[in-house]
Amino acid sequence: MAVQPIRLFGDPVLRTAADPVVDFDKELRTLVADLFETMLDAPGSGLAAPQIGVGLRVFTYHVDDDEHGHLVNPELSFPDDEQQDGPEGCLSIPGLSWDCRRHRHVVARGRDMYGEPVTLLGSDLLARCVQHETDHLDGVLFVDRLDPETRRRAMAEIRAAEWSGGPPVVKVSPHPTLGRAL
């Protein structure tokens with residue numbers, strides 16, 4: 001187990017969809033251990049493999065002493081439409097947080113590091129954490145989910161942050177129907 005450097009906003013790995021895990025081997029178990037150690041050291045409530053530069057669909061979480069673990073190849077579903085608003089931050093956007101809307105309840109299905117099936121039922125903070133980390137696996141950052149005004153403010157604060165490398169690079173599709181920022 002080793003604490004790994006956390007990639008910061010602007011690193012392309014954070015905007016790249018992670019690949020599914022196919023080998024449930026010692027290397028995967030080492031990755032899960034490194035993720036957990038790095039998450040606790042930061043400290044954070046969750047950490048996805050892309051945040052330490054590994055493009056695999058794995059994340060760890062530690063909401064409290066009763067709600068902690070990992071999930072490999074997660075697939076999410078939502079038992080209802082109930083939403084929650086609340087402050088959200090990210091270890092890849094250190095020191096900053098904004099209110100973000102998420103589903104209040106989530107069902108996450110995936111595997112553990114040995115390949116065994118896992119179903120995780122989460123509400124409130126655990127649901128927020130699971131959605132946030134699964135977004136990382138899809139190359140999505142929580143700032144993408146902010147309302148337009150909050151997102152503008154967030155991007156200005158990110159650009160002004162001491163750790164920031166300056167303005168983020170925004171890519172626009174040359175296809176008119178797909179012209180959203182990536």
Side-chain angles (χ1 to χ4, degrees), residues 1-65 67-76 87-98 100 102 106 108-116 118 120 122 125-146 154-155 157-159 161-166 168-171 182:
M1 293 188 315
V3 172
Q4 302 295 318
I6 295 174
R7 305 294 182 95
L8 298 179
F9 183 91
D11 189 314
V13 72
L14 297 174
R15 291 298 194 173
T16 304
D19 295 325
V21 171
V22 293
D23 295 320
F24 293 83
D25 55 10
K26 182 179 179 184
E27 195 172 313
L28 176 62
R29 291 187 291 281
T30 299
L31 172 61
V32 169
D34 288 353
L35 282 167
F36 209 84
E37 193 72 20
T38 304
M39 173 187 65
L40 293 178
D41 182 70
S45 298
L47 189 66
Q51 291 180 275
I52 63 169
V54 178
L56 291 174
R57 297 187 68 77
V58 182
F59 71 80
T60 55
Y61 62 94
H62 187 270
V63 174
D64 60 36
D65 289 338
E67 296 179 316
H68 57 88
H70 68 279
L71 200 55
V72 179
N73 298 335
E75 294 181 14
L76 305 186
E88 195 163 323
C90 180
L91 294 175
S92 293
I93 307 174
L96 300 172
S97 67
W98 303 275
C100 184
R102 296 277 188 183
V106 67
R109 289 180 175 82
R111 305 256 170 211
D112 69 12
M113 65 181 133
Y114 301 101
E116 296 299 318
V118 173
L120 177 62
L125 186 56
L126 180 58
R128 179 176 297 281
C129 180
V130 167
Q131 291 169 79
H132 179 109
E133 300 310 327
T134 302
D135 273 354
H136 272 299
L137 304 180
D138 295 330
V140 174
L141 299 174
F142 87 100
V143 293
D144 301 333
R145 297 200 177 274
L146 301 175
M155 297 309 290
E157 290 178 39
I158 288 169
R159 283 190 293 275
E162 189 175 297
W163 52 264
S164 177
V169 175
V170 177
K171 296 181 181 178
L182 301 175

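Within the 4.5 Å cutoff, the side chain of R159 has no heavy atoms near those of the F9 side chain. E133 has its side chain out of reach of Y61: every pair of non-hydrogen atoms, C-beta onward, lies at least 4.5 Å apart. Between V32 and T60 there is a side-chain heavy-atom pair separated by less than 4.5 Å. Contact of the V106 side chain with the R128 side chain is not registered, since no non-hydrogen atoms from C-beta on lie closer than 4.5 Å.
Atom CD in E157 sits 12.0 Å away from atom OG in S164 (nearest 0.5 Å). Here the CG-CG distance, from D64 to L125, works out to 8.0 Å after rounding to the nearest 0.5 Å. Put simply, CG on L35 and CD1 on I52 are 4.0 Å apart, with the number rounded to the nearest 0.5 Å. Residue C129 holds its SG atom at 6.5 Å from CZ of F59, rounded to the nearest 0.5 Å. With values rounded to the nearest 0.5 angstrom, D41 atom CG is found 11.0 Å from Q4 atom CD. Rounded to the nearest 0.5 angstrom, S92 OG and H136 NE2 are separated by 5.0 Å.
Side chain of N73 to main chain of V21: a donor-acceptor pair is present (N/O by atom type, distance under 3.5 Å, no hydrogens or angles). Using modelled atom types, no side-chain atom of D11 and backbone atom of L8 make a donor-acceptor pair closer than 3.5 Å. Under a 3.5 Å cut-off, the side chain of D112 and the backbone N or O of Y114 do form a donor-acceptor pair. Side-chain N or O atoms of H70 include one that pairs as donor or acceptor with a backbone N or O of M113 at under 3.5 Å. Without hydrogens or angle criteria, R57 side chain to L137 main chain gives a donor-acceptor distance under 3.5 Å. Listed for the S97 side chain is no donor-acceptor partner under 3.5 Å among the backbone atoms of P87.
Between F36 and H68, the angle of the ring planes goes over 60°, which puts this pair in the perpendicular group of the 30/60° scheme.
Counting all heavy atoms, side chain and backbone alike, V58 lies closest to L28 at CG2-CD1, 3.8 Å. Of all the heavy atoms in C90 and F142, the pair that sits closest is CB-CE2, 3.7 Å. Of all heavy-atom pairs spanning L146 and A154, the tightest one is CD1-CB, 3.8 Å. When all heavy atoms of R7 and P50 are compared, the pair lying nearest together is CG-O, 4.0 Å.
For L91, the side chain to side chain contact (heavy atoms under 4.5 Å, CB included) test picks out I6, A42, L47, Q51, with sequence neighbours left out. Shown here are the side chain to side chain donor-acceptor pair (under 3.5 Å) partners of D135, two or more places apart in sequence or in another chain: R102, R145.
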Please evaluate residues W163 and L96 with respect to the criterion side-chain contact (heavy atoms from CB on, under 4.5 Å), reporting the C-alpha separation (whole Å), side-chain torsions for both, the decisive distance (0.1 Å), and the verdict. CA-CA 11 Å; W163 52 264; L96 300 172; 4.2 Å; yes
Dump the intermediate steps for side-chain contact (heavy atoms from CB on, under 4.5 Å) on L71 and T134, then the final yes or no. CA-CA 9 Å; L71 200 55; T134 302; 5.9 Å; no
